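Here's the structure we're looking at; comments come further down.
These figures come from a predicted structure and were not determined experimentally. What you see below is based on every heavy atom in this structure, not just the backbone, and it leaves out hydrogens, waters and symmetry mates. Residue numbers start at 1 and run along the sequence shown.
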Amino acid sequence: MLIVTNYASTRTEPFFTTSAPLFEQDTLGNLTLEFTVNKTNNEAGFNLLQEEAIVTAANYDFRVKQIIDDKPGRKTILAISTFFDLAYQFKDTTYGGTHSSQEFVNYLLADTGWTVTCDFSDTATIDKFGSKNIIQCVNQICDAFNCEFEILPNKRVHFSKSLGPDNNAQYRYGHNIKALSRKIDTNHLRTQITATGKEDLTVTYTSPNHTLWGIRKADPISDERFTIAEHLMKKAKDSLIDYPEVSFELDTLELLDKQLGEKVWLIYEPIEGLELQTRILQRTCIVDELTDELKTITVKLGNSLPRSMSDNELDSEEELADTKGELEEVINESKKEFRSAITQTDNRITIEVEQLNRSIARIDVKADSIDLSVNNRITNEVAAINIRADQIQSTVSSQGAQIHGMDTRVANAESTITQQSWQISQKVSQTDYNGNTISSMINQTATDVLIRASKIKFVGEIYALSDINGNLGTIHTGTLNSVNINSANINISEDVYIGNTLQIGPSYMDTSPKTINFGGGTGGYIQHSYDTIELSAPNGATVNGKSVITSNLPGMYIAFNNNQAYPRLYIRDVWGLEYGYVDLTK
């Protein structure tokens with residue numbers, strides 16, 4: 001019993017056909033259902049069988065595409081799998097570049113209601129993948145990966161390098177294989193081909209079948225992607241059709257249990273010495289309407305790869321060597337050290353080259369920025385450049401870990417250069433294992449160059465052609481926070497030469513003390529406070545080698561009293577008590 005769902009009303013009705021429905025499927029992905037139904041005893045279902053209605057059989061859904069009303073009360077229906085409804089759905093964005101087969105099919109069939117599987121994990125590059133309807137994109141995948149797809153029950157689709165198993169079954173045409181029909185075509189048969197790669201790399205492949213057909217040269221091929229002769233030779237061999245193209249339609253019972261795509265060796269006796277590896281390219285089934293199961297009634301064999309009868313002379317040692325070689329290829333494939341990928345979408349293009357588990361280089365191009373980076377995964381070092389219309393920033397960073405018992409500490413170091421139209425900033429910072437951060441910074445604008453660090457070291461002569469000012473005020477440091485620098489010290493262990501005036505303080509009215517120390521306060525000093533200058537020396541003061549004030553006592557000072565006409569020079573003892581005085585007269 002089949003089920004029909006009307007396209008317009010979504011009503012559902014069961015119905016029976018006049019004969020078993022024919023279910024036909026091939027390795028190109030086509031899947032159709034054909035049946036005839038009478039109105040008698042099927043009126044409800046018969047009336048729902050209109051254009052675009054959905055018919056469900058053996059858990060497959062088909063869309064009615066063709067109706068032939070050849071007699072009153074009878075319809076012959078041709079329907080195709082609803083998988084091809086995806087031709088009306090478009091991928092509005094692109095997913096181009098290099099991806100695995102699973103990534104491509106997952107992207108393509110996401111949110112379609114179809115479940116997708118893939119039994120291989122190759123990577124390939126598809127330029128501008130997307131921006132087409134989904135069925136066109138499926139064909140892109142099949143072309144890029146040289147693969148096939150099969151529609152399965154319950155809205156599933158499966159991608160494979162080659163559908164069906166290879167059980168090494170062998171049949172002899174004319175004996176245990178008899179054809180309902182056959183087609184033999186040698187129009188494309190060639191036995192020799194020349195291929196050209198990059199930089200004049202050229203190889204010529206001659207098929208062993210030239211002993212049967214002679215030398216028949218194919219059109220040469222050229223592909224500059226190839227730089228290795230061995231790989232180019234394989235390309236040439238795969239491109240050559242060096243066998244007759246044959247097609248047989250069979251109803252032999254021994255073949256009716258074979259799967260779609262299954263490989264079958266066929267000895268074709270009309271051409272002596274020729275053995276063809278054929279496949280089940282198409283199967284025709286009937287739908288058991290009571291059990292809802294499929295039963296194969298005919299299959300179509302077609303060839304995909306030839307081999308001559310001499311190939312059958314391989315002994316067990318050679319077969320073992322072949323198996324070993326195939327195993328080594330699998331092992332070597334798993335040992336691939338490098339991987340590259342190009343990802344293209346509507347808003348970005350990403351290029352990656354990776355040395356597995358060691359390092360990766362990446363370029364990410366967007367409409368408003370370009371990011372370049374190299375990451376060493378062993379040393380945890382990263383170098384990156386970010387380019388924007390208003391800024392170029394380069395960064396180099398590293399990270400180290402220190403593990404001690406249950407404690408894990410991480411140290412980081414990073415340097416950055418940020419270039420903008422109005423400033424250039426450089427920064428170097430390091431965070432040690434204890435979490436302490438040390439940094440230095442240089443910030444350059446059109447008017448200022450700011451250098452910040454715990455230590456700034458100059459080696460060589462320094463020329464200052466303008467003022468040296470210790471009060472910098474508020475400094476804007478770009479990406480750093482603003483800082484206020486209003487004090488600074490100069491510590492010089494040698495001589496200081498001043499050409500003209502040494503000025504201390506902004507004005508003589510400044511009340512804050514300004515001092516010149518000679519080896520500290522006890523070594524002597526000159527101090528200015530408001531309008532007073534204090535001179536202090538442990539053994540007195542001289543001018544031009546002559547004593548001005550000489551005293552070994554702790555202190556002396558000059559002062560006026562209100563009732564005195566002249567000032568007095570007072571002398572204090574070690575306890576600060578007045579020792580005596582001298583009147584200073586004209």
Side-chain angles (χ1 to χ4, degrees), residues 26-30 120 122 124 139-149 160-164 166 168-173 177 179 181-197 201-226 228-250 258 260-282 299-312 314 322 326:
D26 62 31
T27 55
L28 297 177
N30 297 309
F120 61 97
D122 296 3
N139 292 331
Q140 280 186 290
I141 292 174
C142 291
D143 290 341
F145 289 95
N146 192 25
C147 65
E148 302 168 329
F149 71 93
S160 176
K161 278 291 188 180
S162 181
L163 296 174
D166 183 0
N168 206 31
Q170 188 176 84
Y171 298 89
R172 185 182 297 271
Y173 178 80
I177 291 290
S181 64
R182 66 172 180 162
K183 178 183 177 182
I184 310 295
D185 187 354
T186 59
N187 280 321
H188 303 109
L189 191 152
R190 302 290 187 271
T191 57
Q192 191 177 83
I193 187 170
T194 298
T196 303
L201 174 65
T202 302
V203 299
T204 299
Y205 171 72
T206 301
S207 166
N209 287 345
H210 79 280
T211 57
L212 295 173
W213 314 106
I215 297 296
R216 301 186 181 191
K217 293 186 177 182
D219 292 339
I221 60 175
S222 177
D223 193 332
E224 291 194 352
R225 294 176 301 174
F226 289 89
I228 300 174
E230 180 183 359
H231 297 166
L232 185 60
M233 182 68 79
K234 185 178 185 303
K235 168 76 173 179
K237 182 178 179 181
D238 292 342
S239 301
L240 191 66
I241 300 177
D242 57 348
Y243 49 85
E245 295 176 279
V246 299
S247 175
F248 302 90
E249 186 176 358
L250 309 160
K258 302 299 180 185
L260 183 68
E262 185 170 347
K263 297 175 179 62
V264 176
W265 284 106
L266 178 64
I267 300 172
Y268 187 66
E269 290 190 344
I271 302 177
E272 183 178 355
L274 183 65
E275 182 175 345
L276 303 171
Q277 189 181 51
T278 62
R279 300 177 64 204
I280 307 294
L281 298 180
Q282 184 184 83
V299 296
K300 182 176 287 187
L301 289 181
N303 61 334
S304 59
L305 190 68
R307 70 174 183 177
S308 64
M309 290 296 291
S310 61
D311 291 334
N312 293 326
L314 292 172
D322 288 343
E326 292 173 1

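Under the salt bridge (Lys or Arg N to Asp or Glu O under 4.0 Å) criterion, no residue pair touches residues 210-220, with sequence neighbours excluded. Listed by first and then second residue, the salt bridge (Lys or Arg N to Asp or Glu O under 4.0 Å) pairs involving residues 231-240 are K234-D238 (not counting sequence neighbours).
At least one side-chain heavy atom of T196 sits less than 4.5 Å from a side-chain heavy atom of T202. Using a 4.5 Å heavy-atom threshold, the side chains of L301 and I280 count as touching.
In this structure, CZ in R279 is found 10.0 Å from CG in D166, a value given to the nearest 0.5 Å. Between the CD1 atom in I241 and the OG1 atom in T191 there is a gap of 12.5 Å [rounded to 0.5 Å]. Rounded to the nearest 0.5 angstrom, I193 CD1 and I221 CD1 are separated by 4.5 Å.
In this structure, the side chain of T27 does not engage the main chain of G261 through any donor-acceptor pair within 3.5 Å. Judged by distance alone, the side chain of D242 and the main-chain N or O of S207 form no donor-acceptor pair under 3.5 Å. Proximity of a side-chain donor or acceptor of K258 to a complementary backbone N or O of K263 within less than 3.5 Å is not detected.
For the ring-ring contact (aromatic ring centres under 6.0 Å, His included) test, residues two or more places apart in sequence or in another chain that qualify with F149 are F83, F159. Residues satisfying the side-chain contact (heavy atoms from CB on, under 4.5 Å) test with T186, not counting sequence neighbours, are L189, P244. Scored by the side-chain contact (heavy atoms from CB on, under 4.5 Å) test, S160 finds D119, H158, L163 as partners (sequence neighbours excluded). The salt bridge (Lys or Arg N to Asp or Glu O under 4.0 Å) test applied to D143 returns no partner, not counting sequence neighbours.
Within 6.0 Å of CG in N146 there are 12 or fewer heavy atoms belonging to other residues, nucleotides or ligands.
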